[in-house]
Structures are given as C-alpha cells and as structure tokens.
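Each residue takes its place number in the sequence, starting with 1.
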Amino acid sequence: MTDGATEESEVLTEVVNGVGLITLNRPKAINSLNQTMVDALRPLLTRWADDDAVRAVVLSGAGERGLCAGGDVVAVYHSARKDGVEVRKFWRDEYLLNGQIGRFAKPYVSLMDGIVMGGGVGVSAHGSVRVVTETSKLAMPEVGIGFIPDVGGAFLLSRAPGALGLYAALTGATFSGSDAIALGFADHYVPHDDLKAFTAAIISDGVETAVASHAVEPPPSLLVAQRDWIDECFSGDTVEDIVAALRGLDAGPANDAADLITSRSPIAVSVALEAVRRAGKLETLEDVLVQDYRVSSTAARSHDLVEGIRALIIDKDRNPKWSPASLAAVTAADVDAYFAPVDDDLSF
C-alpha cells in the first residue's frame, strides 16, 4: 500500500506490513528540508499516529550521501534578507514537527546514515529508535553561519556527558556514529551495508527483533576519550574563558577546537553557550523548542546569519565579516536579547 506519494515527491511514503516508510527525497541537496517537506511530514505523522494499521515508522534519506544535511539555507538567506516571514514560518512548522516526533507514541526508527546535520538531527534524533552506522557524520554546525543550534538540539546537547555537548555546539565540528551514541543522539549501531536487511527485518519481524539481529557494538568514541580536557576547558563562564583555557593546553585537539570556535560568529557562539546552559534547566523537548523559536526569530533579524550564509554558501569566499567582530565585543545584553519572548511564541 502506498500513501499517495509519487516518485517526484520530495517526501516518499509507503506502508508495508504495518510499517510506515518515509524517505526524504532531495538527494542532490542531501535531502535538505524545505517548507514543502515539513508540510508533508506533519499531517502524515498525525495520521499514522492514529492509524491502527501502522505499528512503526522508519525514516531514511534518498541517495548515498546522507539522511539530511539540515534546512535549506539558501531559502533561509533569501527570506532573512527580505523580511524573515517565510523562514520564521518554516522554523515554526519545523519545530512543531520536531516536538511531534519526540511525542510519537509508536516506534520511530531513524536511519542516521551518512550526513545528518542541523535540521536532519531534528527529524531523527528525537525519535525513539535512532540508528547510526560507520558512515554517519553528525553535527550541529549552525555557529559557522551565524546561527544557533536549533531543532531541539540543545535539549540533547545539554544532557550529553560532561561538556561534550558544549564542545559540539561551540565548535560545530562533525562527530561519528559512536560519538553520537555516547552523546545521546543515537541508540544503536548497525553496519551501513546491513541497513536494507535491517529495514526488511523491521517489516517482517518488528523493531525489537530487527535491532537484536543487526545492531553491533560500536567502536570506542573518540570524543569520550578526550573528555578530560573538554570537561576542564568548557567549564568556563564565557566563550572567551573557554577559548583561553583551550589555548592554555599544548598544541593539538584543544587548540584545534579554539581555532574552530574563533572562526565562528562571536554572537552565535555566545548565544549557543547560553542556549545549551538554559536548555539544561528546561524540563522537556517542547520547552527547548519554544526557546529555539525565540532565538531563531532574533537570528532572522541579525547581521551574522545573512553574512554567514553569504560567505559559506552564496559567494563561497569563506571570509565572513562578523558583527560584533570579536568575542570581547559581545555584551550580556546582546546575548539576552535572543531569549526574549516573541509575539507568536511557539506553543504545543
């Protein structure tokens, strides 16, 4: 039984033996999310949640490159340059979808194969059965374009062991499938070449049996192996303190982390630090998504979001002119302004 999608659809759906299969279908864009896709997914999940003929959902991405590289940042750029109305609608609907996935009462299996970044994390890592492979490359890389980790990512980042979540948020660095399990972004490790058989096993035998048959012990997490210096350095009160602590260690991974952080938008990394710390005090994913919508709405009016996308994606000169230009120039008031309520606050 199909669910009405055609091969041209950006979201392909099918129900096979009680399993709802969702394929994000923009392979040339590594399945980056747009408004059309979010608009398709929300009513679909609502329908399947109430359909006794659907017992589980499996999310995957078309093509070989990854599940989902995030949101469509070119669309974000053009909307933010104009008036921000369209991108704020996209974020609002995307965050409502993220909350819906987090509350989904049936098994929601996300195949986090290949590239899974930003918005890709939002449609996968809030599911109940999260699967990574040896090809998985995850990240919350928003600070590199003058944006702040969103899609409920701070809910997970704030609950990662020690300061690993802050490391991921402030550097925007990619991490492996093993790291993802250690950080709390994923649950099971299935070899890439076994994913088709794993999905077939879900359809024929159920989720628990499929996991038992195909999941393997993940390799050791390289991030966890570095927790000593990460926990020590990322305990600083401000991003400046964190960078100074990283610079105080011998040349190596700590200095590489400092180089990454200082290449990012100063206001974005400062807000990201505060967002993750505030998220740690919020009780639910929905609470964090409300915070995300406030932060993103402010970012839509900021200089750095447009400038960051211009430098990385549009002109590709990789030479953004951030404003404020340095961490020292970012004030507490600048950061606090991102967390102010907005007229159309998100509600669940």
Side-chain angles (χ1 to χ4, degrees), residues 71 73 76-77 79-85 87-88 91-92 95 118 140-155 157-158 163 165-173 233-247 257-282 287-312 319-346:
V73 292
V76 171
Y77 173 81
S79 177
R81 284 192 71 191
K82 184 182 175 185
D83 56 16
V85 171
V87 71
R88 289 184 74 236
W91 285 328
R92 183 182 190 84
Y95 301 166
M140 296 300 290
E142 289 80 2
V143 290
I145 58 166
F147 195 43
I148 295 91
D150 65 336
V151 298
F155 181 79
L157 293 164
S158 66
L166 284 177
Y167 168 88
L170 299 190
T171 63
C233 294
F234 282 81
S235 64
D237 288 341
T238 67
V239 181
E240 277 192 291
D241 293 338
I242 291 168
V243 170
L246 292 167
R247 296 281 189 220
D259 290 342
L260 275 176
I261 293 170
T262 53
S263 74
R264 310 310 196 187
S265 157
I267 184 63
V269 291
S270 301
V271 174
L273 175 64
E274 180 68 10
V276 174
R277 288 182 170 162
R278 289 191 183 207
K281 299 173 184 175
L282 297 174
D287 291 337
V288 175
L289 289 165
V290 170
Q291 173 178 284
D292 284 348
Y293 187 62
R294 294 174 178 179
V295 169
S296 298
S297 294
T298 306
R301 301 189 299 270
S302 72
H303 166 277
D304 278 12
L305 177 62
V306 169
E307 173 63 6
I309 299 174
R310 179 208 65 77
L312 191 69
N319 187 31
K321 305 298 183 186
W322 302 125
S323 179
S326 68
L327 290 169
V330 177
T331 68
D334 292 335
V335 173
D336 285 344
Y338 275 74
F339 297 89
V342 291
D343 290 343
D344 58 338
D345 254 343
L346 207 60

J.: Once rounded to the nearest 0.5 Å, what's the spacing between atom OH of Tyr338 and atom CZ of Arg301?
T.: 9.0 Å
J.: Do side-chain atoms of Trp322 reach the backbone of Gly308 as a donor and acceptor pair under 3.5 angstrom?
T.: no
J.: Contact between Arg88 and Ser296 at the side-chain level, heavy atoms closer than 4.5 Å - yes or no?
T.: no
J.: With side chains defined as the heavy atoms from C-beta onward, is the minimum distance between Val290 and Tyr95 less than 4.5 Å?
T.: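 With C-beta onward as the side chain, the pair stays apart.
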J.: Drop me the distance from Ile145's CD1 to Arg264's CZ, to the nearest 0.5 angstrom.
T.: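 These two atoms lie 10.5 Å from each other.
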J.: Give a yes or no on this: more than 12 heavy atoms of other residues, nucleotides or ligands lie within 6.0 Å of atom CZ of Arg277.
T.: yes
J.: Give, for atom CG of Asp237 and atom CG of Leu273, the distance between the pair rounded to the nearest 0.5 Å.
T.: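 With rounding to 0.5 Å, CG (Asp237) is 9.0 Å from CG (Leu273).
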J.: For Gly172 and Val143, work out which heavy atoms get closest and say how close.
T.: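 So the two residues come closest at N-CG2, 4.3 Å.
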J.: Counting N and O atoms only, with roles assigned by atom type, does the side chain of Gln291 sit under 3.5 Å from a partner on the main chain of Ala275, one being a donor and the other an acceptor?
T.: yes
J.: Would you call Arg278 and Asp292 a salt bridge, using N to O less than 4.0 angstrom?
T.: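 Salt bridge flag = no for Asp292 with Arg278.
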J.: Roughly how far, to the nearest 0.5 Å, is CG of Asp304 from CD1 of Ile148?
T.: 9.0 Å
J.: Run through Leu170, Ile261, Asp259, Thr238 and flag the one making a side-chain contact (heavy atoms from CB on, under 4.5 Å) with Val243.
T.: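 Exactly one pass, corresponding to Ile261.
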J.: Aromatic rings Trp91 and Phe147: how do their planes relate, parallel, tilted or perpendicular, breaks at 30° and 60°?
T.: parallel
J.: Quick one: does Ser79's side chain have a donor or acceptor within less than 3.5 Å of a partner on Val76's backbone?
T.: no
J.: Give, for atom CZ of Arg294 and atom CG of Leu346, the distance between the pair rounded to the nearest 0.5 Å.
T.: 9.5 Å
J.: How close do Ala300 and Val87 get, heavy atom to heavy atom, and via which atoms?
T.: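 That closest heavy-atom pairing would be CB-CG1, 4.2 Å.
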J.: Closest approach of Pro324 and Asp334, non-hydrogen atoms and distance?
T.: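 Scanning both residues completely, I find the closest heavy atoms to be CG-OD2, 4.3 Å.
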J.: Under a 4.5 Å cut-off applied to non-hydrogen side-chain atoms, are Pro266 and Leu327 in contact?
T.: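 Touching, per the 4.5 Å side-chain cut-off.
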J.: Please examine the side chains of Val330 and Glu240, heavy atoms only from C-beta on, and report whether any two atoms are closer than 4.5 Å.
T.: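 In short, these two side chains do not touch, never coming nearer than 4.5 Å.
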J.: Write down the atom of Gly152, the atom of Val288, and the distance for their closest heavy-atom approach.
T.: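 Reported closest heavy-atom pair: CA-CG1, 4.2 Å.
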J.: Please report the closest heavy-atom contact between Gly118 and Val151, naming both atoms and the distance.
T.: O-CG2, 3.4 Å
J.: Say you draw a straight line from CZ of Arg92 to CG of Asp344; how long is it, rounded to the nearest 0.5 Å?
T.: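 Separation between the atoms: 5.0 Å.
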J.: Is it true that the NZ or CZ of Arg310 lies under 6.0 Å from the centre of Tyr77's six-membered ring and within 45 degrees of the ring axis?
T.: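 Pair Arg310/Tyr77 does not count as cation-pi.
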J.: Nearest heavy-atom pair of Leu157 and Pro149: which atoms, and what distance?
T.: CD1-CB, 4.2 Å
J.: Within the 4.5 Å heavy-atom criterion, are Tyr167 and Cys233 side-chain neighbours or not?
T.: no
